[in-house]
Each structure stands twice: as C-alpha cells, then as structure tokens.
Amino acid sequence: MEKTYLSDAGPKVSSAVYGFYRWNDEASNVSADMERIVNLCLELGINTFDHGDSYGSYQCEELFGKVISQKSFKREDLVIFTKCGLRVPHSSQPGIRIKHYDTSSKHIIESVESSLRKLRTDYIDIFLLNHLDPISNIEETALTLMQLKNSGKVKNIGITNFSVFQHQLLASFLSTPIVTNHIELNLLNTSALDNGQIDYIKQRYMKPLASAPLADGRIAHGKDDLAIKVRNKLQKIAIKYGVEIESVAVAWLIKLGALPLIGTREEQRIRNIVKAFNIDLDHQDWYELYATSREDIYLK
C-alpha cells in the first residue's frame, strides 16, 4: 500500500489507517484478536494505527504495545496515533461516574504518560483531542499540547470530531499546525460535506480521515430504507468493477480525497477496503452514489 502525507505539515501514513475505536469488552480473546489484526494490517501494507486511551475498555494500547514489542521491525516504521478527551465509566476508572469530555491540562499530561507506557514507545506520532471539552481552559489545553510537542513526546497534534469552529478555535491558540481531523464520513452519513468540515480540512491542506467508512457494517447489513437503497445501488456499480460493494463504498471516499479509518475485525472486510485503492471510480458513478444517498437535497 502506498504511503501519503496526512497534511502539508504532517507525517507520511499508509493510505488506510486501522483504528481500535470499535473494540470493547464483548470481544472474545482480545489478545489473540489484536495479534491477528496487526499481522493482517502489516501484511496488507497498513503501518498506521489509531488508538485512544479508553479504547477496548482502556486495554487496547497495552495489548498493542505487547504485540508490537514482539515484532522484528523498527519503531520508526510504524505511525501511531492515540488520543484523549473522552472519559468513560469502567471498573479500572473508579473516579469516572458518567461519560464526559475532559481536555484539561492535567488529564492530557496524565493520558500521554500512560499511553507512552502502555504502547512501549518514547513518542506518539500524532496525539489527538477526542472532542473539545467546552469547560476546559482552551489556552491551557493548547499550551500543554505545545509543551508535549516541544518535549518530543508528541510529534504532531490532531483532533477528532471537531466542528469547523472548534477546529479554528484550537488552531488559533497553537503555534504548530493541526495535522488531521478524524470525522465520521460514509455513504450513509455525508454531513461533513454539508457542514463545512470537508472544505475546511482541505483548506488547511489536510486529507480528511474518514472513520466508520462502512457505517459500522450498516452499508452491508443495514435494514433501514436508506441502507437498502444505497446497498442496491452499490451492488449494481460493484458488478461494473468486478468487486464487492464494500470496495466501491470506500472507493467513493477515496475519490473525495479521504483516507479510510478501518474499524472492523472481519478479515474479508478489511481486505475489501484495501482493494478499493485499485478502483478508479468513474466521475458520474461517484455522483450516482451521492445522489442515492442524498436524494432529499441532491435533486432539489
């Protein structure tokens, strides 16, 4: 898989990124799953992995660190994202009563130190804020991020699910560019095309990083009217290209300039996403899919 610059200021990453945002306690044999997924990604040329301090009930970072420590390659051959901001109740976090956001200086520093320890690394390639806490001091938040970057513990700063105005707000307090904004984007959720997120990301010379590229399996298995309508259109177009519908759905994102953030544990679905990079989706096929997804406004 080809590598690409995430932004004009950011590092090179694999054209698809694997993220652990869908992992939770319900999965059986999480450790074995982790090793299987990491091995598959590396086999397919995916060297970029996206973490969060609370992912997998606060255990994914540590499991990943153990798996990676057993591999025979250099740390610099991997690109590791991690983030903080979303705090979720769990038995390992007795002080958290309710799900909430926390981008305070104290929490950011504690989270970075914990992530470095669990991931068994000296630095994080991209550290992101997962949403913006409206009651944290934004100036202190930005100062803390800059201090972490200047220390070398964090190489780049990113954000997750920020609106355009939140993106602009944080950027105004930073003396270094924000290199990515993870946003939910797929054929069943194209709101980022309407609310300005895509346009602003491109204005800042970044590539959109699309989480839930297959709508958490809804594109393939959803029973609601929109999912069925889009799936039927994907099936017709997939025949033209000789691929699975999931490959076409991701090719639609790639045509938009986005990088897919993979979250599934299903091997074939991961392979289908990677195959999307071999599809040169026709210009009008792209619009046919968009019109199917957004018939409510597209035809007006």
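Source: prediction; values computed, not measured. All heavy atoms count here, side chains included; hydrogens, waters and symmetry mates do not.
- For Asp53 (side chain) and Cys84 (main-chain N/O), no donor-acceptor pair under 3.5 Å exists by modelled atom type.
- Here the CG-CD1 distance, from Leu289 to Ile237, works out to 3.5 Å after rounding to the nearest 0.5 Å.
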Open item on the list: Run Asp50 and Leu128 through side chain to side chain contact (heavy atoms under 4.5 Å, CB included) and show every step you take.
Closed with: CA-CA 10 Å; Asp50 176 64; Leu128 307 98; 4.2 Å; yes
Task: Verdict with supporting geometry, Gln203 and Asp199, side chain to side chain donor-acceptor pair (under 3.5 Å) - done: CA-CA 6 Å; Gln203 181 186 338; Asp199 296 329; over 6 Å; no
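- In this structure, Val112 is not a member of the same hydrophobic cluster as Ile109, with clusters built from ILVMFWY side-chain heavy atoms closer than 4.5 Å.
- For the residue pair Ser105 / Glu140, no side-chain donor-acceptor distance below 3.5 Å is found, with atom types taken as modelled.
- Contact of the Pro260 side chain with the Phe277 side chain is registered, since non-hydrogen atoms from C-beta on lie closer than 4.5 Å.
- The environment of CG in Asp280 is sparse: at most 12 heavy-atom neighbours from other residues, nucleotides or ligands sit within 6.0 Å.
- Side-chain contact annotation: Ser7 with Arg204, donor-acceptor N/O pair under 3.5 Å absent.
- For the pair Leu256 and Leu193, the minimum side-chain heavy-atom distance is below 4.5 Å.
- Here the closest non-hydrogen pair linking Met206 and Val179 is SD-C, 3.2 Å.
- Side-chain N or O atoms of Arg218 include none that pairs as donor or acceptor with a backbone N or O of Ala227 at under 3.5 Å.
- Ring to ring, Phe162 and His167 are not that close: their centroids are 6.0 angstrom or more apart.
- Between the OG atom in Ser91 and the CD1 atom in Ile96 there is a gap of 11.0 Å [rounded to 0.5 Å].
- Salt bridge annotation for Asp285-Lys255: absent, with no cationic side-chain nitrogen under 4.0 angstrom from a carboxylate oxygen.
- In this structure, Trp23 and Phe20 have perpendicular ring planes: the angle between them is above 60°, well past the 30° mark.
- In this structure, the side chains of Gln235 and Asn232 come closer than 4.5 Å at one or more pairs of heavy atoms.
- In terms of hydrophobic clustering, with Ile, Leu, Val, Met, Phe, Trp and Tyr side chains grouped at heavy-atom distances under 4.5 Å, Tyr101 and Leu129 are assigned to different clusters.
- At most 12 heavy atoms of other shown residues, nucleotides or ligands fall within 6.0 angstrom of atom NZ in Lys236.
- Note that CD1 of Ile201 is 7.5 Å distant from CD1 of Ile159, once rounded to the nearest 0.5 Å.
- The 12-atom threshold is exceeded at CD of Gln197, counting heavy atoms of other residues, nucleotides or ligands nearer than 6.0 Å.
- Shown here for Ala9 and Asn156, the closest heavy-atom pair between the two residues is O-OD1, 3.7 Å.
- We find that Asp125 and Lys12 are not joined by a salt bridge, their nearest charged nitrogen and carboxylate oxygen being 4.0 Å or further apart.
- The distance from atom CG of Asp216 to atom NE2 of His221, rounded to the nearest 0.5 Å, is 10.5 Å.
- At least one donor-acceptor pair closer than 3.5 Å links the side chain of Arg75 to the backbone N or O of Tyr123.
- Ion pairing of Lys153 with Glu113 is present here, as a side-chain N (NZ or NE/NH1/NH2) and a carboxylate O approach within less than 4.0 Å.
- Side chain of Ser293 to backbone of Tyr290: no donor-acceptor contact under 3.5 angstrom is found.
- One finds the CD atom of Glu110 at 9.0 Å from the CG atom of Asp102 (value rounded to the nearest 0.5 Å).
- Judged by distance alone, the side chains of Asp282 and Gln284 never bring a donor and an acceptor atom under 3.5 Å apart.
- Without hydrogens or angle criteria, Arg36 side chain to Arg265 main chain gives a donor-acceptor distance under 3.5 Å.
- With no hydrogens or angles considered, no side-chain donor-acceptor pair links Ser136 and Ser104 at under 3.5 Å.
- A donor atom on one side chain and an acceptor atom on the other are found under 3.5 Å apart for Tyr55 and Lys83.
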Task: Verdict with reasoning, Thr4 to Ser15, per side chain to side chain donor-acceptor pair (under 3.5 Å) - done: CA-CA 6 Å; Thr4 184; Ser15 296; 5.4 Å; no
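- The two atoms that bring Ile228 and Gly222 nearest to each other are CG1-O, 3.9 Å, heavy atoms only.
- For the atom pair Tyr241 OH and Ile279 CD1, the distance stands at 8.0 Å (nearest 0.5 Å).
- Here His182 and Phe81 bring their ring centres to under 6.0 angstrom of each other.
- Sparse packing is recorded around CG of Asp225, with 12 or fewer heavy atoms of other residues, nucleotides or ligands lying under 6.0 Å away.
- Minimum interatomic distance between Gly56 and Gln59 (heavy atoms only, all atoms of both residues): O-CG, 2.6 Å.
- In terms of modelled atom types and a separation under 3.5 Å, the side chain of Thr48 and the main chain of Val13 share no donor-acceptor contact.
- For CG of Asp77, the number of neighbouring non-hydrogen atoms (other residues, nucleotides, ligands) closer than 6.0 Å is greater than 12.
- The two residues His107 and Gly85 come nearest to each other via the heavy atoms NE2-N, 4.0 Å.
- A donor and an acceptor atom, one from each side chain of Asn181 and Tyr200, are nowhere located under 3.5 Å apart.
- Under the 4.5 Å side-chain heavy-atom criterion for Ile, Leu, Val, Met, Phe, Trp and Tyr, Phe173 and Leu143 are members of distinct hydrophobic clusters.
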TODO: Start with the C-alpha gap between Asn47 and Val79, add the side-chain angles, then the distance that decides, and say whether side chain to side chain contact (heavy atoms under 4.5 Å, CB included) holds.
DONE: CA-CA 6 Å; Asn47 77 327; Val79 182; 4.1 Å; yes
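- Ile108 and Val88 are assigned to two separate hydrophobic clusters, defined by single-linkage of ILVMFWY side chains at heavy-atom distances under 4.5 Å.
- In this structure a side-chain-to-backbone donor-acceptor pair under 3.5 Å is present from Lys3 to Met1.
- Salt-bridge check for Glu246 with Arg269: passed, with a basic side-chain N closer than 4.0 Å to an acidic carboxylate O.
- With hydrogens and angles ignored, the 3.5 Å screen pairs no side-chain donor or acceptor of Ser114 with any backbone N or O of Ser111.
- Within a 6.0 Å radius of CD in Glu2, no more than 12 heavy atoms belonging to other residues, nucleotides or ligands are found.
- In this structure a side-chain-to-backbone donor-acceptor pair under 3.5 Å is present from Gln166 to Ser163.
- Both Ile157 and Leu169 belong to a common hydrophobic cluster when Ile, Leu, Val, Met, Phe, Trp and Tyr are linked at side-chain heavy-atom distances under 4.5 angstrom.
- Remark: Lys202 NZ is packed, more than 12 non-hydrogen atoms of other residues, nucleotides or ligands lying under 6.0 Å away.
- Across Pro213 and Ile219, no two heavy atoms sit closer than the pair O-CD1, 3.8 Å.
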TODO: Assess whether side chain to side chain contact (heavy atoms under 4.5 Å, CB included) is satisfied between Leu42 and Leu78, documenting all intermediate values.
DONE: CA-CA 10 Å; Leu42 294 173; Leu78 298 178; 4.1 Å; yes
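- Within 6.0 Å of OH in Tyr205 there are 12 or fewer heavy atoms belonging to other residues, nucleotides or ligands.
- Side-chain atoms of Glu43 and Asn39 form no donor-acceptor pair, as typed in the model, at a separation below 3.5 Å.
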Task: From CA spacing to verdict: side chain to side chain contact (heavy atoms under 4.5 Å, CB included), Leu226, Lys229 - done: CA-CA 5 Å; Leu226 180 60; Lys229 184 170 63 172; 4.1 Å; yes
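- Within the 3.5 Å criterion, the main-chain N or O of Leu261 finds a donor-acceptor partner in the side chain of Tyr21.
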